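What follows is a single structure, written as structure tokens, with notes after it.
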Amino acid sequence: MTTAALIVAAGRGTRAGGGTPKQWRPLKTRRVIDWTLGAFEKAGVDLTVLVLSSDDHRAWDEFSGKPGLILAEGGTERAASVVNGLRALQQNSIDKVLIHDAARPCVSSDLIHSIISALDESPAAAPALPVTDALWTGAEGSVTGSQDRSGLFAAQTPQGFRYGAILAAHNAHPGGAADDVEVARAAGLDVRIIPGEPDNIKITRPEDFARAERILGADMDIRLGNGYDVHRFGPGDSVILCGVEIPHDKTLQGHSDADVGMHAVTDAIYGALARGDIGQHFPPSDPQWKGAASEIFLRHAASLAREMGFTLSNVDCTLVCEYPKVGPHAARMREVMAEILGIAADRVSIKATTSERLGFTGRGEGIAAIATAALVKA
Ligand SMILES: Nc1ccn([C@@H]2O[C@H](COP(=O)(O)OP(=O)(O)OP(=O)(O)O)[C@@H](O)[C@H]2O)c(=O)n1
Ligand SMILES: C[C@](O)(CO)[C@H](O)COP(=O)(O)O
């Protein structure tokens, strides 16, 4: 059985304010859309169709050509966006499709799997929460009546359907439906109610961002790692520190290019992952690493973090030496390190201190570096 996710992300998010449509706005460590797509990726759906507004040019550039992802153009209403997404799946032999709002980034894998399983028994299944608050009617700021809440549910997404059935239902529908369950019911499909999740909120108004951040923060896996490295000086005319070559009256000696700062940051990332250290991944006894650019090590640590599902939140590195002076080169070092790590330069800190002429760094015999890395998995 092939299951697809259809994520509608073509809305303008006017009620959420803030100018940029809500799906492109940041939510903790990533954007709303990244959490939503990540939830379906984590749940292991086979294919995703992402419906984008034709106005969101940067999103089209960013997402086109990604494996397992098909793009479709949105319509003026949510239902029109869904129809375009369903049609974009037509050549893909899809059995089940889960239609989900990009604006619901807190959806869990458990809920996604419950919907997928329910579709074995029923042509349609959708999550909902029984209404627990009293319901009133009101006008001009006053209550005008009470509404019986028995049998009432608040609908959520993902709403799941057998693909052929929901495509036919949408093709036959005149439009104006609140959601895909309404379209399915209009076509006579039986829709099973699956218990929804209180945390599966839709970001609709400005205050919903803070709520979603609290929900996503609750089960966050935060890892810290430290790294420390020393290289001695030898004859030469420059040193490489955090990827930047600096003229000096000595060089740093080592098996690789002896970039002591980059080594400390690399070890901090391995440390946060509890996956050993540089020496374990790139043994000095192996001749292929002789004179190697340390960027190879740092790229490896950063990609290992990504493979293990972590986002690199920030790194902080302190170089300990009397000379060369690091300050004039720190901005460039941050840019170089940020590019290698695949994060913004404002998440990379490079600073320096002397050791007051004490010890081996104070005597100018070598440079030490100490680093911290923070990794986050949600
Ligand atoms: N023409 C539209 C309208 C909405 N959506 C998507 O449908 C989901 C739920 O809609 P809603 O919360 O109403 O989003 P917006 O339409 O963006 O918000 P607003 O009504 O405040 O402008 C969102 O993920 C939104 O991007 C869509 O793909 N195409
Ligand atoms: C589909 C939906 O999320 C179900 O609750 C909802 O109807 C879509 O949001 P809107 O605010 O009604 O556009």
Side-chain angles (χ1 to χ4, degrees), residues 4-25 27 31-40 48-56 58-60 62-63 69-89 97-108 111-112 115 124-133 152-161 166 169-170 173 175-186 191-209 211-212:
L6 191 168
I7 312 291
V8 277
R12 298 299 81 194
T14 42
R15 286 169 292 175
T20 306
K22 55 197 177 188
Q23 58 273 27
W24 310 121
R25 288 177 51 188
L27 194 63
R31 298 166 302 179
V32 171
I33 190 72
D34 302 317
W35 290 103
T36 306
L37 289 172
F40 284 86
T48 296
V49 56
L50 178 62
V51 185
L52 298 172
S53 163
S54 55
D55 292 336
D56 292 341
R58 283 172 59 185
W60 284 90
E62 175 186 346
F63 289 105
L69 192 68
I70 295 175
L71 301 184
E73 190 170 316
T76 47
E77 288 178 2
R78 184 185 182 281
S81 295
V82 171
V83 171
N84 291 353
L86 288 171
R87 290 180 183 159
L89 283 170
V97 60
L98 270 58
I99 304 172
H100 186 68
D101 298 327
R104 290 186 191 266
C106 307
V107 61
S108 73
L111 184 57
I112 294 170
I115 304 292
L129 291 173
V131 172
T132 51
D133 296 322
L152 290 184
F153 290 84
Q156 299 185 344
T157 69
Q159 299 183 350
F161 306 92
I166 192 65
H170 264 286
H173 198 272
D179 65 4
D180 307 294
V181 163
E182 187 177 331
V183 174
R185 292 199 69 259
V191 183
R192 304 307 304 163
I193 300 175
I194 303 302
E197 293 178 342
D199 284 349
N200 182 23
I201 63 166
K202 179 161 74 69
I203 295 179
T204 303
R205 298 188 189 82
E207 62 273 20
D208 294 331
F209 283 91
R211 233 178 119 201

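On a predicted model such as this, the values are computed, not experimentally measured, just so you know. Counting starts at 1 for both ligands and their atoms, following the listed order. Computed from heavy atoms alone, side chains included, the values below leave out hydrogens, waters and symmetry copies.
- With contacts defined as side-chain heavy-atom distances shorter than 4.5 Å, the pair R211/I203 does not qualify.
- Between G85, A178, G11, it is G11 that holds the heavy atom closest to atom 4 (C) of ligand 1.
- Residue G75 places a heavy atom less than 4.0 Å from ligand 1.
- Qualifying ring-ring contact (aromatic ring centres under 6.0 Å, His included) partners for H100, counting only residues two or more places apart in sequence or in other chains: F40.
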query: Where do L89 and I70 land on the side chain to side chain contact (heavy atoms under 4.5 Å, CB included) test, with the steps shown first?
result: CA-CA 8 Å; L89 283 170; I70 295 175; 4.2 Å; yes
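- When every heavy atom of L86 is checked against every heavy atom of I166, the shortest pair comes out as CD2-CG2, 3.9 Å.
- For atom 9 (C) of ligand 1, the closest non-hydrogen atom of the protein is D101 OD1, 3.5 Å.
- Residue-to-ligand polar distances place A102 within reach of ligand 1: an N/O pair is separated by less than 3.5 Å.
- Residue contact check: A103 has heavy atoms under 4.0 Å from atoms 24 (O) of ligand 1.
- Counting the atoms of ligand 1 from 1 in the order shown, those under 4.0 Å from a heavy atom of T14 are 19 (P), 21 (O), 22 (O).
- Here the closest heavy-atom approach between residue P127 and residue I115 is recorded as CD-CD1, 3.6 Å.
- At the shortest separation from atom 15 (P) of ligand 1 among protein heavy atoms lies G13 N, 3.6 Å.
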- request: Take D55 and R12 through the test side chain to side chain contact (heavy atoms under 4.5 Å, CB included) and record every step on the way to the result.
  value: CA-CA 10 Å; D55 292 336; R12 298 299 81 194; 4.2 Å; yes
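- Under a 4.0 angstrom heavy-atom cut-off, K22 registers as being in contact with ligand 1.
- Looking at Q23 and T36, their side chains never bring a donor and an acceptor atom within 3.5 Å of each other.
- Applying the side-chain contact (heavy atoms from CB on, under 4.5 Å) criterion to A39, with sequence neighbours excluded, gives V107, I112.
- For D199, the side-chain contact (heavy atoms from CB on, under 4.5 Å) partners are I215, not counting sequence neighbours.
- The shortest non-hydrogen separation linking P21 to G11 is CB-O, 3.8 Å.
- For R205 and D208, the salt-bridge test fails: no basic side-chain N is under 4.0 Å from an acidic carboxylate O.
- When all heavy atoms are compared, the tightest approach of V32 to A103 is CG1-CA, 4.4 Å.
- The contact set between ligand 1 and S81, taken as ligand atoms under 4.0 Å from a residue heavy atom, comprises 1 (N), 2 (C), 27 (C), 28 (O), 29 (N).
- The existence of a salt bridge linking D179 and R78 is excluded, since no basic side-chain nitrogen approaches an acidic carboxylate oxygen closer than 4.0 Å.
- One N or O on the side chain of W35 and one on the backbone of L27 form a donor-acceptor pair closer than 3.5 Å.
- The protein atom (non-hydrogen) at minimum distance from atom 28 (O) of ligand 1 is A10 N, 2.9 Å.
- Considering backbone and side-chain atoms together, V51 places no N or O closer than 3.5 Å to any N or O of ligand 1.
- Among R104, K202, R205, the residue whose heavy atom sits closest to atom 12 (O) of ligand 1 is K202.
- A9 counts as a contact of ligand 1, since one of its heavy atoms falls under 4.0 Å from the ligand.
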For ligand 2, find each of its N or O atoms that sits under 3.5 Å from a protein N or O atom, and tabulate the pairs with distances to one decimal place.
from     : atom 1 : to   : atom 2 : distance (Å)
ligand 2 : 3 (O)  : D101 : OD2    : 2.5
ligand 2 : 3 (O)  : R104 : NH2    : 2.8
ligand 2 : 5 (O)  : R104 : NH2    : 2.9
ligand 2 : 5 (O)  : A155 : O      : 2.7
ligand 2 : 7 (O)  : A178 : O      : 3.3
ligand 2 : 9 (O)  : K202 : NZ     : 3.3
ligand 2 : 11 (O) : R15  : NH2    : 2.9
ligand 2 : 11 (O) : K202 : NZ     : 2.9

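- Atom 6 (C) of ligand 1 has its closest protein heavy atom at V8 O, 3.6 Å.
- For ligand 1 and E77, the ligand atoms under 4.0 Å from any heavy atom of the residue are 1 (N), 2 (C).
- In summary, the atoms of ligand 1 found under 4.0 Å from a heavy atom of T76, numbered by their order in the structure, are 1 (N).
- Below 4.0 Å from some heavy atom of R78 lie the following atoms of ligand 1, by number and element: 1 (N), 2 (C), 3 (C), 4 (C), 7 (O), 29 (N).
- The distance criterion of under 3.5 Å between nitrogen or oxygen atoms is not met by I203 with respect to ligand 1.
- If you look at R15 next to ligand 1, the close heavy atoms, those under 4.0 Å, come from the backbone and the side chain alike.
- Side-chain contact check for Q156 and N200: at least one donor-acceptor pair (N or O, by modelled atom type) lies under 3.5 Å.
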